[in-house]
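Working notes, beginning with the structure itself.
Every number for a ligand or one of its atoms is a count from 1 in the order of the listing. This one's a predicted model, so the numbers in the text were calculated from it and none came from an experiment. Positions are given from 1, in the same order as the sequence printed here.
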Amino acid sequence: MAGVQIETIPLAKPVLGVEEEQAVVEVLRSGRLSLGPKLAEFEREFAEMVGARHASAVSSGTAGLHLALRAVGVQDGDEVVTSPFSFVASANAVVFERARPVFADIDPVTLCLDPEAAAAAVTERTKALLPVHIFGYPADMEAFDALAAQHGLGIVEDACEALAGRYEDLRDVGQRENPVVFAFYANKQMTTGEGGIVTTGDAAIKERIDSERNQGRAPDMDWLDHDRLGFNYRLSDIACAIGIVQIRRTAETIPARARVARAYREALAGIEGLTLPCEDVGKARRGWFVFVVQLPRGIDRDETIRALGARGVQAKPYLPAIHLMTFYRERFGHREGEFPVCEDVAARSIALPFFPEMSDGQIERVALELRAVLGQSAT
Ligand SMILES: *Cc1c(COP(=O)(O)O)cnc(C)c1O
């Protein structure tokens, strides 16, 4: 291959067009760049899309997790039971409030927090459960509702990867009473550049999040009086305007993601020892965000990623176990062996290129290169 120019297939690629450009220009020309009309419009349309009663747009998914945890009452010294197999933000948001993320192991099939392991991790200090719908696969909310009811716990759902997912009870992810957090970084199912939103069925939660994202101002309060501590977690009208267009685009991008996933399943079938993302179990439905495979045992994950990169296929470790990250080891004394399922999956998982406009040719090339790198080339 030396000297041959090869196209690099990126890990992710947002779908953006002239409609987003026009929407941004319109806001710029209006002069109302934040707390303008696009904010409420974006919130209304997002809530409608997922079937939620309320939605509060915020500056990131992480900000949404932080405010949602505060809204269910998490405070200094509390414990929150959550998954170690997630993007680090879900655990970090707990630490922001000086609460303790208490990890429990994951289900080996869905890779979501295992309800039985979570139940075993509940103590007198537990205040809330924070299940993560990892890789868009909805966690078992029926089980977590029962556990929360039994111990009087709050629930916050990290749905930052799960737009367009559906729970076992057939409702769309986001359509629940407790706060559900989505994110809009450029690799997510839809993007506002940076951004997030919290849906809830509870008007009091919406009101508290709206206030705390805006320095603790009450909606009817005079300018610059504040009745509680708040943050600047606002999402600009520029971002909201992009989000409104992106919501409309989901009619195409969501089915396109599902198409790419189906094509990957076919293209990767027959690679020995490779574990593909689980098929939908029961009535739950994955909202496709990434295509993560677990490499065969005994394969060097980092070397595989390097070799794929040299062949023009971007890949990355996805995700590393949170409890084994330096900060979590040092702050909370975690070590290897605590969560064997998570650690085994995390050590073998890589994300492959995955985006709505991915062509069949690109999917086939990823499969071909992966086979070659794993020494399983078709003869
Ligand atoms: C993307 C993501 C977040 C955080 O979103 P940001 O908008 O980047 O702050 C949180 N949790 C999970 C599981 C994510 O994938």
Gln246-Gln189 side chain donor-acceptor pair, cut-off 3.5 Å: no

Lys127 with Glu97: basic N within carboxylate O range, under 4.0 Å: no

Pairs under 3.5 Å, N/O atoms on ligand 1 and on the protein: can you put them in a table with the distances?
from     : atom 1 : to     : atom 2 : distance (Å)
ligand 1 : 7 (O)  : Gly61  : N      : 2.8
ligand 1 : 9 (O)  : Gly61  : N      : 3.4
ligand 1 : 9 (O)  : Thr62  : N      : 2.9
ligand 1 : 9 (O)  : Thr62  : OG1    : 2.4
ligand 1 : 11 (N) : Asp158 : OD1    : 3.4
ligand 1 : 11 (N) : Asp158 : OD2    : 2.7
ligand 1 : 15 (O) : Glu161 : OE2    : 2.6
ligand 1 : 15 (O) : Lys188 : NZ     : 2.8

Charged N-O contact under 4.0 Å between Arg306 and Asp302: no

Min side-chain heavy-atom separation Arg365-Ile9 under 4.5 Å: yes

Residues Arg257 and Glu252 bridged, charged N to O under 4.0 Å: no

Note: Arg98-Asp78 ion pair, threshold 4.0 Å (strictly below): no

